[in-house]
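First the proteins, then the strands, lettered A, B, ... as listed; each starts at 1. Just so we're clear, the structure is a prediction, and the values are computed from it rather than from any experiment. What's counted below: heavy atoms across the whole structure, side chains too, no hydrogens, waters or symmetry copies.
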Number of protein chains: 2
Amino acid sequence: MKFEAVTIKDIAKALGLSTSTVSRALRDSYEISPETKKLVLEYAEKINYHPNPIALSLKERRSRSIGVIVSEIANSFFSQAIDGIESIAYNNGYNVIISQTRESQEREQINLNYLTSRSVDGLIISVSAETSDFSFIKDIISRGMPVVFFDRVVPDIDTHKVVVDNYRGAFDATRHLLESGYRRIAAVTNSETLSITQDRMAGYRAALAEEGIAEEPGYIRSCPHGGLVLAEVNTAVEGLLAMETKPDAILALSDKLTTGCLRILKNKGLQVPRDMGLIGFSNSDLTELIDPPLSIIKQPALEMGEVAMNSLLQLLNSKQPVTEFNTHKLAPQLIIRTSSVRA
Amino acid sequence: MKFEAVTIKDIAKALGLSTSTVSRALRDSYEISPETKKLVLEYAEKINYHPNPIALSLKERRSRSIGVIVSEIANSFFSQAIDGIESIAYNNGYNVIISQTRESQEREQINLNYLTSRSVDGLIISVSAETSDFSFIKDIISRGMPVVFFDRVVPDIDTHKVVVDNYRGAFDATRHLLESGYRRIAAVTNSETLSITQDRMAGYRAALAEEGIAEEPGYIRSCPHGGLVLAEVNTAVEGLLAMETKPDAILALSDKLTTGCLRILKNKGLQVPRDMGLIGFSNSDLTELIDPPLSIIKQPALEMGEVAMNSLLQLLNSKQPVTEFNTHKLAPQLIIRTSSVRA
DNA sequence: ATCGTTGCCGGGAACGATTGCGTAAATAAA
DNA sequence: TTTATTTACGCAATCGTTCCCGGCAACGAT
């Protein structure tokens, strides 16, 4: 079945006018007499005419749609960010096409290829955990595609970026753990190639160093798929628990890792925060209801989406190539609850 | 900045061929000699040619993209469903354009208008809570637009639908509450115009009736925005608690209502499940970590999204107009934990 | 009476691709 | 040699719009 649309030709034929005249009348051109305009407008209204956006896209060489690439839609952080992106896009007449990579480099590549060849006007990307080769992204940017990174950025690609102050988030959380009396603080991390992982780890290390605590390599466990596969988290936590001097607290460096760690600790019968302190990045709005109420570092996901879309709009609307790029660094929110406070 | 693309014309000019020949060579037509094909293919590869999908869309009158309309992206149920939709769409070469209504009829209308006029090939819709006039949707369907409803459907519109067995979900949950010893069971509901609300309420009533319990109208409180505004939930719960014979358990009929109710009960210092039993629909994957572990009715959201997209594909791929429509009714999953079980 | 203006509108190319039809050359059949 | 057939390609229309040109009245000015 096809959705039959009425075209400008139908109007022209019905009214005995040329398509040019109808087009001009609809666009309220000064070259058309008021009577003709009225005639056309009324008839167009009557038969429910809407200009074919595809024809327009072809003519204007832009589609008024943008692509968003994330690893997983069903993740609080990303869905909140997409919410923000969609809101701003909606207000500016842009459609949002989403696609997910599931942390796979291959899918990222395919999606990127697909979206750019489908003529999106711009892209908002949070790179996949698996991706190590960014030449493709670099390439499409150099060919003139407006791109903004959010959350997981690529440091050596020059374009607008929107991130949270990951260093500070991890630093503050670690310091909080230290102030709570924890000393042997482990970090369960996402893929180490990710910018966010590196920044957060830097904050973690800095906080430890400040306190004069030597870094214990065994306390750092990475989950390449960032909690997407729970088995990885399980291995990480078990590894930690099997050490001769176990850590007394865990800093989890991403959404799914935080709740994943808690899940596993509970399964193993450990008491949080007594046996093991826990704090982590999370954007779930249920963390306060959890047992124990989770201390978290929260990212302003909605706002990040909004800022990202606004940055993209700036690129889209600029006449000459943009050469000055900025990275918006938003403040994370440290919310101390029970899971990180020793009774 | 514009993304400069290479066209078939560039190839034709460079190779001294006509565009038709190039087009045919690229499509591997039998009319083209192997040598010419090889020439064209190699050159196309070299200059990184990709057919312009917009031009194709114009010609073929289809865009290979579908629209998804939900009330809110950042909602576990919907984001999981979108995940499913996107997966199937991806495998079939379709792009997914999402837009949210935030439960507003006006935004639903605008989005619908926008998406159809932007030539999506089909739509997957979960109607907004506010919407009472479905003539517009009816209209676009009658004009030939393939549409499938999911979750919140419109009973008197004939097209493919994907729902969960809401009646059974609510029925089983209510019966479970009864079996746990609760007698005065309240229902906190979403907008009453919603199909899901009606079905779930029917299940609730049937379970009560089966037990010979008369329905108490004061025990039914509706939140027109389904938990999107917490104040509504607050009013509902407070109303319940202010009654002379308070209910002893609450059945919450949607995602945000379930956690919303718990939040408010906790705020008021009530003990769940001792002072008040609680069970509700929810798709959060954190409910087991909550204090108390929440009993929930869970919808197979991912699967619903997949089934919805597959149904839409069936409509999209059928040559003649489809007249036989089916509604897939998937089984909800009742997960009993602590919040609904009296100690 | 002629020349510019102005107002109003139509013809047709263009955006990038596909495709039905026509046709020249080469080959096969008569 | 003539005719038929095949091979391999080009022309031009098409999808729905926009927009550059150009044209034709009518009108005022000279």
Side-chain angles (χ1 to χ4, degrees), chain A residues 2-41 43-44 47-65 93 116-121 143-144, chain B residues 2-41 43-44 47-65 93 116-121 143-144:
Chain A
K2 222 169 288 168
F3 187 70
E4 287 305 334
V6 22
T7 78
I8 225 170
K9 261 185 212 166
D10 301 326
I11 302 181
K13 204 173 297 169
L15 263 39
L17 294 169
S18 75
T19 57
S20 349
T21 305
V22 174
S23 171
R24 270 184 273 251
L26 291 169
R27 317 213 121 234
D28 200 27
S29 158
Y30 68 97
E31 294 188 277
I32 305 297
S33 73
E35 305 87 58
T36 309
K37 274 185 195 168
K38 188 156 169 281
L39 196 68
V40 171
L41 259 351
Y43 187 71
I47 63 172
N48 195 27
Y49 167 81
H50 287 284
N52 181 328
I54 292 189
L56 274 175
S57 294
L58 181 58
K59 192 118 239 286
E60 298 178 355
R61 299 163 173 210
R62 63 169 193 181
S63 61
R64 286 210 160 272
S65 64
T116 57
S117 89
R118 282 191 82 80
S119 313
V120 293
D121 295 343
R143 293 203 336 265
Chain B
K2 222 168 291 168
F3 188 70
E4 287 305 333
V6 22
T7 79
I8 223 170
K9 259 185 216 167
D10 301 326
I11 303 182
K13 203 172 297 171
L15 263 40
L17 293 169
S18 75
T19 58
S20 358
T21 305
V22 175
S23 171
R24 271 184 270 253
L26 290 169
R27 319 211 120 236
D28 200 27
S29 159
Y30 68 97
E31 294 188 276
I32 305 298
S33 73
E35 306 87 58
T36 310
K37 274 184 196 169
K38 186 154 171 285
L39 197 68
V40 170
L41 257 353
Y43 187 72
I47 63 172
N48 194 29
Y49 168 81
H50 286 284
N52 181 328
I54 292 189
L56 275 175
S57 293
L58 183 59
K59 187 119 239 290
E60 297 178 354
R61 294 160 176 219
R62 65 172 193 176
S63 60
R64 288 212 159 268
S65 64
T116 56
S117 89
R118 282 192 81 82
S119 314
V120 292
D121 295 344
R143 296 202 333 264

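- In this structure, A:Ile47 atom CD1 and D:dG16 atom P are separated by 13 Å, rounded to whole Å.
- From B:Leu56, atom CG reaches atom CZ of B:Arg64 across 10.0 Å, with rounding to the nearest 0.5 Å.
- Rounded to whole Å, the distance from CG on B:Leu15 to P on D:dC9 is 11 Å.
- With values rounded to the nearest 0.5 angstrom, A:Tyr49 atom OH is found 11.5 Å from A:Leu41 atom CG.
- Among the atoms of the strands shown, none is found under 4.0 Å from any heavy atom of A:Ser57.
- Residue A:Leu15 holds its CG atom at 4.0 Å from CG of A:Leu39, rounded to the nearest 0.5 Å.
- A:Glu35 has its CD atom 11 Å from the C1' atom of C:dG7, to the nearest Å.
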Requested in this report: Report, as a single string ordered 5' to 3', how protein heavy atoms within less than 4.0 Å touch nucleotides 15-21 of chain C: B base, S sugar-phosphate only, - not at all.
Outcome: BBBBBB-
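- B:Ser63 contributes atom OG, which lies 11.5 Å from atom CG of B:Leu58 (distance to the nearest 0.5 angstrom).
- The distance from atom CD of A:Glu60 to atom CG of A:Asp121, rounded to the nearest 0.5 Å, is 10.0 Å.
- Between the side chains of B:Thr36 and B:Ser33, at least one donor N or O sits under 3.5 Å from an acceptor N or O.
- As rounded to whole Å, 14 Å separates atom C1' of D:dT6 from atom CD1 of B:Ile32.
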